[in-house]
J.: 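Before I ask anything, here is the structure I am working with.
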Amino acid sequence: MIDGTAGVSGRRDPDEDLLDDPQALSEADPGGMLRHTASAGAQVRESAALAAEANLAVLADDGRPRAVVIAGIGTAGRTGDVLATVAGPRCPVPIIGHRSAGVPGWVGAADVVIAVSASGRSPEALGAAEAAHRRGARLVAVGAPDSQLQSIAEQARAPFIPVPRRAPARASLWALTVPVLLAARSLGLVKVNEADLAETAARLDADADRCRSAAESFINPAKSLALGLAGSIPIVWGSSPLATVAARRFGDTLSANARYPVVTGALGEAGRGRVGLLDGVFGGLAEGERDIFADPAEDDGEGTRLRLVLLRDGGLNAEDDTDEPLAVEERRADAVQTLAERRGVRCDVVTAEGGSALERLASLVAVPDFASIYLALAHGLDPMAVPAITEMKELSNQ
């Protein structure tokens, strides 16, 4: 272990043996991030039950809104991306994410604002809720019970869905997302039924079991992915809009949990420029110097190299309306895998499974979520405690 500045400690080189020692993993994860992440299926069930108790039906009283604004930052902001993707390109109104305080200047009585904050006290969500109330927009609030956000919702006589604060926001994606989806369903903007939620929860439970700490690396997809990424610069691309949401989510967790720099985005956009990274000094040029006969497990570690993670939607629902034909997405994904292979850049592929958009998204999020935690633990980092985040908040508040 090494100690850096500002009290940061960890190890530069990952301890691969630690990942196959459940007791050591437990001791290295005092905040229980693995346990919190394994609760994703339970989060879906609990938040669906809590949303059912809220009076979301009143949202439909004034008819279809002109637009829906999802106000929040970090994981709370990602809920807007999920809603827009699950609603699909044929959604009758625009769904707009807003990641700063207040709301866009055009928001008024014809619109709906959904303010989301795991803590119930983020300035972005509080400012949006207050502004929505002042302007007469319909408001929905999602956050910790007995919080400032709940107080504003009560003052505005707006629906409030309580999300018990049992984990950090970044481990509460599903607890925050499900109420947003069900609020949008009440407005007639998205088709998410109880079967979709049950199947998504079951998928998350199954992936949590596959990725449990007691499962050894050779059968645990999250541990295998973490070890493949160790010491690299990850590039995570999604083959479709849904897969791109998952790619950006993986970027969030890799940065916050494992403290890895990462490039994320849509594969279609990457094909217009960023795919050139595969040719660069961390891609093809670095790989060209590698001994092709060397054992990858005995890599000398000299030089940092790219590692491509491709999240593929799989084209399981070919009849769905999409922004572009699924055949185009599939050809593009095949092409980038071929490009990576030709340049010697190693590539991991995660393919979506499931019958609904929500379940497919869950299948692309679960394993990467666990992988980011295992990667942190391998480097001796506590995925729960991120000193830079705490210091950033303290310095900003001054």
Side-chain angles (χ1 to χ4, degrees), residues 1-5 7-40 167-168 170-171 206-236 250-251 253-262 282 286-287 290-309 344-350 365-388:
M1 298 289 285
I2 59 174
D3 291 320
T5 58
V8 178
S9 63
R11 60 179 70 89
R12 178 73 172 78
D13 297 318
D15 180 355
E16 297 185 10
D17 293 335
L18 180 141
L19 294 190
D20 286 330
D21 185 339
Q23 181 62 36
L25 283 172
S26 178
E27 294 172 357
D29 183 23
M33 280 292 281
L34 284 171
R35 183 181 71 255
H36 293 315
T37 301
S39 75
R170 62 183 180 277
D207 283 337
D209 184 63
R210 290 198 301 145
C211 298
R212 67 191 185 280
S213 61
E216 296 184 349
S217 298
F218 67 92
I219 60 170
N220 186 319
K223 290 181 180 179
S224 298
L225 180 57
L227 292 174
L229 291 172
S232 72
I233 300 175
I235 297 181
V236 188
F250 195 18
T253 57
L254 279 174
S255 297
N257 294 335
R259 283 68 134 178
Y260 264 54
V262 57
F282 300 108
E287 297 296 345
R290 187 195 295 269
D291 181 356
I292 62 172
F293 298 106
D295 184 349
E298 298 177 358
D299 197 323
D300 59 16
E302 294 182 2
T304 303
R305 299 179 174 90
L306 298 180
R307 182 80 176 209
L308 178 61
V309 180
V345 175
R346 292 167 184 171
C347 178
D348 297 284
V349 180
V350 181
V365 166
V367 171
D369 271 4
F370 278 100
S372 70
I373 299 170
Y374 284 126
L375 185 56
L377 298 175
H379 281 289
L381 296 166
D382 181 353
M384 175 75 83
V386 186

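Keep in mind the model is a prediction, meaning the values are calculated, not measured.
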J.: List the atom pairs, donor and acceptor, that lie under 3.5 Å between side-chain atoms in residues 208-215 and the rest of the protein, sequence neighbours left out.
T.:
from	atom 1	to	atom 2	distance (Å)
Arg210	NE	Asp207	OD1	3.2
Arg210	NH2	Asp207	OD1	2.9
Arg212	NH1	Asp209	O	2.6

J.: Report yes if some heavy atom in the side chain of Tyr374 is under 4.5 Å from a heavy atom in the side chain of Leu227; otherwise report no.
T.: no
J.: Which heavy-atom pair separates Leu377 from Leu34 by the least distance, and what is that distance?
T.: CD1-CD1, 3.9 Å
J.: Is the backbone of Ala376 close enough, under 3.5 Å, to the side chain of Tyr260 for a donor and an acceptor to pair up by distance?
T.: no
J.: Grab the two heavy atoms, one from Ala226 and one from Ala371, that are nearest each other, plus how far apart they are.
T.: CB-O, 3.5 Å
J.: Working to the nearest 0.5 Å, report the span between CG of Asp29 and OG1 of Thr37.
T.: 8.5 Å
J.: Please give me the minimum heavy-atom distance between Leu375 and Ala230, naming the atom from each residue.
T.: CD1-CA, 3.8 Å
J.: Return the minimal non-hydrogen interatomic distance between Pro387 and Arg259, and the atom names on each side.
T.: CD-NH2, 4.2 Å
J.: Any side-chain heavy-atom pair from Leu225 and Phe250 closer than 4.5 angstrom?
T.: yes
J.: Could you report the tightest heavy-atom contact between Val349 and Cys347, atom names first, then the distance?
T.: CG2-SG, 4.0 Å
J.: Are Ile235 and Val345 side-chain neighbours, meaning at least one heavy-atom pair lies under 4.5 Å?
T.: no
J.: To the nearest 0.5 Å, how far apart are CG in Leu25 and CG in Leu18?
T.: 5.0 Å
J.: Which atom pair, heavy atoms only, marks the closest approach of Leu381 to Ala258?
T.: CD1-O, 3.6 Å
J.: side-chain hydrogen bond (donor to acceptor under 3.5 Å, both in side chains): which pairs involve residues 214-234, sequence neighbours left out?
T.: Asp20-Ser217
J.: Hey, could you give me each pair passing salt bridge (charged side-chain N to carboxylate O under 4.0 Å, His left out) that has a residue in residues 369-385? Not counting sequence neighbours.
T.: Arg249-Asp369
J.: Backbone N or O of Gly228 within a donor-acceptor pair of the Asp348 side chain at under 3.5 Å?
T.: no
J.: How many angstroms lie between atom CG of Leu308 and atom CD1 of Ile233, to the nearest 0.5 angstrom?
T.: 13.0 Å
J.: How about His36 and Met384: do any of their side-chain heavy atoms sit closer than 4.5 Å?
T.: yes
J.: Spell out, as yes or no, whether a donor-acceptor pair under 3.5 Å connects the side chain of Arg346 to the backbone of Gly344.
T.: no
J.: Less than 4.5 Å apart, any side-chain heavy atom of Ser255 and any of Val262?
T.: yes
